[in-house]
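Residue numbers start from 1 in every chain, and the chains themselves are labelled A, B, ... in the order their sequence lines are given, proteins ahead of strands.
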Amino acid sequence: MSLSARYQPQETETKWYDYWLKKNYFHSEPDEREPFTVVIPPPNVTGVLHMGHMLNNTIQDILVRKARLSGKNACWVPGTDHASIATEAKVVRLLREQGIKKGDIGRDAFLEHAFAWKDKYGGIILDQLKRLGASCDWERTRFTMEPSLSDAVLHVFVNLYEKGRIYRGLRMTQWDPEALTVLSNEEVIYKEENARLFHLKYYRTDNPDLFITIATQRPETIMADVAIAVHPQDERYQSFIGKTVFVPLIHREIPIIADAYVDIAFGTGALKITPAHDQNDYEIGKKHKLPVIDILTPNGKLNEKATILVGQDRFEARKNIKKLLEEAGALEKIEDYRTSIGHSERTDAVVEPRLSLQWYVDMKPFAKTALEAVKSGEVKFYPESMFNMYQSWLQEDNIRDWCISRQLWWGQRIPAWFLKTEVEDENQQVFVAKTAEDALKQAIEKTGNPSLTLADLKQDEDVVDTWFSSWLWPLSVFDGFKDPKEIAYYYPTQVLVTGWDIMFFWVARMIMSGYEFSPELIDAVKIKEKGAMPFKAVYYTGMVRDNKRRKMSKSLGNSPDALALIDNYGADGVRFGVLSSAAAGNDIIFDAPFDPKTQEVLNESKLCEQGRNFCNKLWNALRLLQGWEVTEIEKNDGDHAIAELANQWLDARINQTLVLLQDQFNSYRLSEALITVYKLIWDDFCSWYLELIKPAYGEPIQKKVLEQAIAHFEKLMTILHPFMPFVTEEIWHQLKQRAEGEDCVVSIWPTVTEYDKLLIADVDLLKLVTTSVREIRNNHQIKMKEELTLYLQQSNLTNQWLHRKGIKEALCKTSVLNEVSLTDAEIPNTVTFLGGNDKFYLVINTTINVEEEKVRLVKEIEYYHKFISSVENKLSNEKFANSAPADIVNKERQKLADGQTKLKGLMEALTKLG
RNA sequence: GGGUGAUUAGCUCAGCUGGUUUAGAGCACCUGCCUUACAAGCAGGGGGUCAUAGGUUCGAAUCCUAUAUUACCCA
């Protein structure tokens with residue numbers, strides 16, 4: 001059967017993925033082998049595959065496939081995250097389009113809609129991962145809101161509450177007026193923006209001629225002012241302290257207080273205190289026992305407490321109040337300035353500080369554990385430098401309690417019940433339990449009222465933050481909270497692969513929950529033996545950016561379509577492209593070009609093209625092997641000697657590379673590992689090995705040589721498999737007839753054996769001489785086919801080299817020579833070049849341009865002169881000789897000696913030219 | 001405002017513990033080849049004061065300090 005001249009990924013990729021699934025190769029069950037566990041960072045259930053997923057899942061797949069080939073019990077658990085805010089927003093929007101309001105249909109009906117929507121559209125991303133080749137154990141697919149995982153969330157909530165680590169409190173929170181929920185601090189994204197600073201006059205109540213000017217960027221909140229604060233040492237305002245002023249427009253009287261918090265240099269040095277609408281003002285207000293006046297509705301409109309502009313949106317009110325202030329003579333001036341403004345991560349709405357009653361996790365003890373885990377090296381970060389960022393966040397003075405309640409319905413409802421009779425406030429009685437029945441028992445006990453029934457209780461309306469379920473992911477995907485069997489085997493996971501942007505959201509919190517709960521779920525002996533950490537290593541990928549260094553995102557439209565890329569280059573090609581410039585932690589500039597006319601991103605990539613070309617190279621190597629005619633007759637001729645040499649050499653090179661690869665895998669230098677394999681295959685195997693064993697035109701190849709070649713090719717396919725699974729599986733099967741279950745995906749990663757380093761050096765010289773001869777041909781316009789004669793200067797080295805079996809024949813073949821011989825004499829009318837330290841003379845039939853030759857030699861001589869003098873300088877420095885280690889000094893001496901030999905040779909050649 | 005990285009060829013990046021590195025790779029570029037597996041290819045080539053200025057050292061792309069540029073994190 002003849003093969004197409006080009007590799008066709010479309011034809012093979014689906015075929016092999018289905019085959020692997022059919023064979024159940026990705027499924028794992030606990031057994032006696034060492035486990036290699038990876039849990040996927042669960043993408044949003046509503047998500048579609050983007051470049052970041054491609055990168056991060058390619059890396060995970062490489063690690064998992066490599067582990068599988070290395071004989072470990074590889075288990076990669078996939079799944080999705082319910083993503084409460086994002087999903088709820090999506091469903092709300094969808095319902096609105098159908099004319100349905102969330103509030104009208106109620107909680108249960110809404111959840112029905114949401115689940116229906118999730119069943120229909122959720123999890124598309126998991127199918128897309130299959131296109132990429134992800135070898136997940138799909139039988140283990142989990143969802144953060146499925147019953148078992150939700151159960152774990154409730155368990156943990158109750159557990160932490162009982163330990164006194166979860167509390168309910170009235171605090172200043174970050175409010176998203178669009179999603180109508182509080183956010184955790186981490187969900188607020190600060191952006192630098194242009195803003196205006198309004199300078200407003202507040203007149204004294206005791207003297208209408210005196211006023212104090214304050215600077216604010218939020219004039220629409222002055223109706224909520226409760227004081228003006230100045231610095232106690234500010235000389236300008238000493239006479240104002242203790243007096244009162246009128247709030248402009250509404251003429252409410254407020255005091256002027258002194259507080260060292262005020263920055264004398266900022267604005268006018270006088271600060272309006274608005275506790276309901278500013279975090280810092282709230283703190284000052286509390287300190288000075290000032291009242292709180294909240295003038296905003298949940299959706300960011302002014303309420304009746306504002307008394308003016310009631311019903312207007314905060315930004316509309318800001319515009320309108322400017323006019324009123326001007327008319328009232330209260331506006332002194334407006335300044336432009338830059339400031340950073342907090343936006344909601346999910347809805348991008350400007351967040352509003354808001355006083356509200358929420359649930360919090362006390363983070364101090366957790367932070368200490370999490371910091372220690374990485375500091376001690378139990379959890380390793382790649383790259384290590386990520387620890388700095390981690391540390392600064394977890395330090396005691398930086399860590400803040402985690403607000404975990406959200407005013408949403410899509411998520412796990414908070415397992416807390418209250419008495420219907422009590423007013424909702426900080427002091428009301430609360431019964432935290434996994435079920436309403438348990439809560440009722442508590443209520444009866446605590447109130448001493450046995451007649452209470454379920455009807456007297458009401459459950460907290462809120463749900464927990466999505467991250468409060470995903471922080472349990474490594475524990476809950478193995479149902480650790482229900483059954484210790486699987487988790488005892490699979491925990492801790494090996495490595496977590498994720499972007500550094502969710503280091504705080506997710507990584508740190510998983511470390512916290514891991515240390516907190518795994519000792520409760522797993523046998524103490526096992527924990528002692530394997531550790532309590534959720535993963536042994538974290539591989540932080542960079543952010544994928546476009547060629548203008550912007551983060552690739554759907555909203556910017558600067559990300560190529562991941563699936564279109566796979567269509568264009570094949571999954572293997574895209575995997576190659578995405579990985580090849582992705583060192584851990586460094587951001588990746590993905591090279592997809594933009595259409596110069598439309599400015600739309602094109603689904604093209606040079607790097608993926610390189611990956612596709614590599615597949616094609618492999619494919620053609622296969623075609624070469626298949627095209628040869630085979631002979632059973634073994635001849636002990638030159639070709640045989642070359643084949644033997646090539647065979648042993650490639651074997652040595654593979655072994656040498658395997659050692660390097662192991663090191664690269666151990667340190668997670670995967671892009672380097674890929675380049676290493678790429679070079680081994682393209683340069684060593686294709687360019688040298690196959691060219692060496694290639695029979696002359698029309699000649700057959702010896703059966704044994706072909707078998708050796710196939711064996712090497714097969715080994716190389718196993719080595720490349722983790723990176724490019726599809727093409728390697730295809731070639732693996734094309735190479736020979738395979739028995740049932742004899743597949744590349746489950747082949748055995750080669751073990752390193754002793755190899756001949758000297759042979760590698762000898763072939764390096766062969767390559768060097770060949771390249772030199774080819775260069776001379778190029779320079780003298782001698783055809784590649786024209787056979788030439790080469791002489792080598794006689795020396796111990798050349799003598800030994802040329803007499804290694806196969807070298808002479810190989811050299812004749814690669815350099816197209818008719819004769820190679822050793823000589824003591826200078827050979828006239830030849831081009832001289834250096835190979836190693838020795839001189840080579842190439843006889844060419846064209847007349848040598850003596851002047852050109854001289855120029856070339858003089859240039860080289862100059863180079864060595866400089867080189868030698870720099871080494872001599874170093875060596876003549878006594879301090880160097882005394883303080884440098886002996887082997888370094890010896891190396892320098894060797895460098896000098898070699899340089900001198902080379903220089904001598906070149907000088908002789910120059911003299912010879914006359 | 002506080003902090004952390006980055007700066008190496010036209011572009012994207014390697015270079016790990018200072019010493020076979022007067023610095024590597026891929027792409028792009030130049031020259032010659034449709035040679036019988038592959039033009040998605042082959043053979044060869046050019047191109048870098050390692051951001052700048054100091055310092056430590058026998059020795060610095062590598063360590064230290066400052067400056068510049070740039071990216072990000074935190075408030």
Side-chain angles (χ1 to χ4, degrees), chain A residues 3 5-7 185-186 188 190 263 266 279-280 340 342 383-393 395 398 400 500-501 503-504 542-543 545 547 549-551 569 573 577 580-583 585-591 605-607 609-628 663-664 667 669 671-672 675-676 678-679 682 686-687 690-691 694-698 770-779 781-785 814 816 863 866-867 869-871 873-885 887-889 891-892 894-895 898:
Chain A
L3 300 170
R6 285 185 182 175
Y7 173 63
N185 294 314
E186 294 71 40
V188 179
Y190 290 87
D263 179 357
F266 184 80
Q279 173 79 48
N280 296 314
S340 55
E384 267 176 57
S385 60
M386 287 293 167
F387 177 68
N388 291 331
M389 211 200 286
Y390 183 77
Q391 178 166 249
S392 74
W393 191 71
Q395 266 161 5
N398 279 345
R400 287 182 301 170
W500 50 258
D501 54 333
M503 182 190 286
F504 308 135
M543 298 293 104
R545 297 176 185 281
N547 55 19
R549 293 187 180 270
R550 296 173 303 180
K551 195 165 157 180
Y569 301 105
S580 57
S581 74
N586 284 0
D587 283 0
I588 294 138
I589 312 293
F590 194 75
D591 63 335
S605 154
K606 280 279 171 204
L607 288 171
E609 192 178 310
Q610 197 186 342
R612 180 199 61 181
N613 293 356
F614 186 35
C615 291
N616 202 47
K617 184 74 180 175
L618 294 169
W619 187 248
N620 277 291
L622 171 72
R623 287 178 65 220
L624 178 66
L625 295 198
Q626 293 198 342
W628 283 329
D663 186 50
Q664 287 166 333
S667 49
R669 295 163 180 272
S671 50
E672 276 177 52
I675 297 299
T676 302
Y678 177 82
K679 284 185 182 165
W682 198 301
C686 293
S687 297
L690 289 180
E691 291 302 330
K694 192 190 243 179
Y697 183 58
T770 301
T771 302
S772 301
V773 171
R774 285 171 181 168
E775 190 185 346
I776 292 164
R777 281 179 193 272
N778 257 336
N779 291 343
Q781 288 161 349
I782 300 165
K783 286 252 183 287
M784 279 303 164
K785 283 178 185 164
T814 56
V816 194
Y863 174 89
K866 267 199 206 163
F867 177 76
S869 70
S870 89
V871 180
N873 267 342
K874 208 180 214 183
L875 281 167
S876 63
N877 186 335
E878 263 181 54
K879 283 181 183 167
F880 172 72
N882 293 338
S883 40
D887 59 320
I888 296 293
V889 178
K891 270 181 191 169
E892 289 298 320
Q894 191 58 49
K895 257 159 92 174
D898 287 354

Is there a donor and acceptor pair, one atom on the side chain of A:Glu691 and one on the base of B:A37, closer than 3.5 Å? yes

Does the side chain of A:Tyr678 come within less than 4.5 Å of A:Gln610's, by heavy atoms? yes

Sticking with atom C1', work out how far B:C29 lies from B:A68, rounded to a whole angstrom. 31 Å

Can you measure from CG (A:Leu690) to CG (A:Leu625) and round to the nearest 0.5 angstrom? 6.0 Å

Output row for RNA chain B, stems defined as at least 3 consecutive Watson-Crick or G-U pairs under 3.5 Å, is B:1-7 with B:68-74, B:10-13 with B:24-27, B:29-33 with B:41-45, B:51-55 with B:63-67

Non-hydrogen atoms of A:Tyr7 and A:Cys615 that approach each other most closely: CD2-CB, 3.5 Å

What's the gap between B:G19 and B:C64 when it is taken at their P atoms, as a whole Å value? 15 Å

Ignoring hydrogens, what is the shortest heavy-atom contact between A:Lys694 and A:Trp628? Give both atom names and the distance. CA-CZ2, 3.8 Å

Rounded interatomic separation in angstrom, taking CZ from A:Arg612 and C1' from B:G41: 12 Å

Send over the distance from A:Leu624 CG to B:G41 P, rounded to a whole Å. 16 Å

Would you mind reading off the distance between A:Trp393 atom CH2 and B:G5 atom C1', rounded to a whole angstrom? 20 Å

Would you measure the distance from the P atom in B:U12 across to the matching atom in B:U4 and give it in whole Å? 26 Å

Any chance you could measure A:Thr771, atom OG1, to A:Asn778, atom CG, to the nearest 0.5 Å? 11.0 Å

Please determine whether a side-chain nitrogen or oxygen atom of A:Asn620 lies at a distance below 4.0 Å from atom OP1 or OP2 of B:G41. no

Are OP1 or OP2 of B:C33 and a side-chain N or O of A:Arg777 less than 4.0 angstrom apart? no

For a quick check of understanding: with a heavy-atom distance under 4.0 Å over all strands, which category does A:Thr771 fall into, base, sugar-phosphate or nothing? sugar-phosphate

Roughly, in whole Å, what's the span from CG in A:Leu690 to C1' in B:C38? 11 Å

Short side-chain N/O contact from A:Lys606 to OP1 or OP2 of B:A28, under 4.0 Å: yes

Using a cut-off of strictly less than 4.0 Å, decide whether A:Asn613 has a side-chain nitrogen or oxygen near OP1 or OP2 of B:G41. yes

Can you see if the side chain of A:Lys694 gets near the phosphate of B:A37 - specifically, an N or O under 4.0 Å from OP1 or OP2? yes

Under-3.5 Å donor-acceptor pair between A:Arg669 side chain and B:C16 base: yes

Among B:C72, B:C38, B:A14, which is the nearest nucleotide to the side chain of A:Asn616? B:C38

Looking for any heavy atom pair under 4.0 Å, which part of the strands does A:Ala5 touch: base, sugar-phosphate only, or nothing? nothing

Is any side-chain heavy atom of A:Leu875 closer than 4.5 Å to a side-chain heavy atom of A:Val889? yes

Taking atom C1' in both B:G46 and B:G32, compute the distance separating them and give it to the nearest angstrom. 15 Å

Along RNA chain B (nearest heavy atom to each residue), the more 5'-positioned of A:Arg6 and A:Ala696: A:Ala696

Strictly below 4.0 Å: does A:Arg774 bring a side-chain N or O up to OP1 or OP2 of B:G32? no

Parallel, tilted or perpendicular, judged at 30° and 60°: which one describes the rings of A:Phe867 and A:Tyr863? parallel

Please state how far atom CG in A:Asp501 lies from atom C1' in B:G5, giving the value in whole angstrom units. 16 Å

Nearest-Å distance once atom P is located in both B:G15 and B:G5: 16 Å

Suppose you measure atom C1' in B:A14 against the same atom in B:U21; what distance do you get, rounded to whole Å? 13 Å

Could you check how far CD of A:Gln395 sits from C1' of B:A75, rounded to whole Å? 14 Å

Interatomic distance, A:Ile675 CD1 vs B:A25 P [rounded to whole Å]: 12 Å

With rounding to whole Å, what would you report as the distance between B:U56 and B:C16 at their P atoms? 24 Å

Of all heavy-atom pairs linking A:Ala5 and A:Arg623, the shortest is CA-NH1, 3.3 Å

Tell me, with the steps shown, if A:Trp393 and A:Met503 meet side chain to side chain contact (heavy atoms under 4.5 Å, CB included). CA-CA 10 Å; A:Trp393 191 71; A:Met503 182 190 286; over 6 Å; no

Taking all atoms of both residues into account, what is the closest heavy-atom pair of A:Asn616 and A:Arg6, and its distance? OD1-CA, 3.2 Å

Just to be sure I understand the rule, does A:Cys686 reach a base, reach only the sugar-phosphate, or reach nothing, if contact means heavy atoms closer than 4.0 Å? base

Go through B:A14, B:G44, B:C73 for me and flag the one nearest to the A:Phe504 side chain. B:C73

Minimum heavy-atom distance A:Val816-A:Arg777, with the two atoms named: O-NH2, 2.8 Å

A:Met389 and A:Trp500 have their tightest heavy-atom pair at CE-CE3, 4.3 Å

Just call it for A:Trp682: base, sugar-phosphate, or nothing, with non-hydrogen atoms closer than 4.0 Å on any strand. sugar-phosphate

Check the distance between B:G41's C1' and A:Arg623's CZ and give it to me in whole angstrom. 12 Å

Using the C1' atoms only, state how far B:A25 lies from B:U8, rounded to an integer number of Å. 13 Å

Base, backbone or nothing for each nucleotide of nucleotides 19-24 of chain B, written B, S, -, heavy atoms under 4.0 angstrom, 5' to 3'? BB-B--

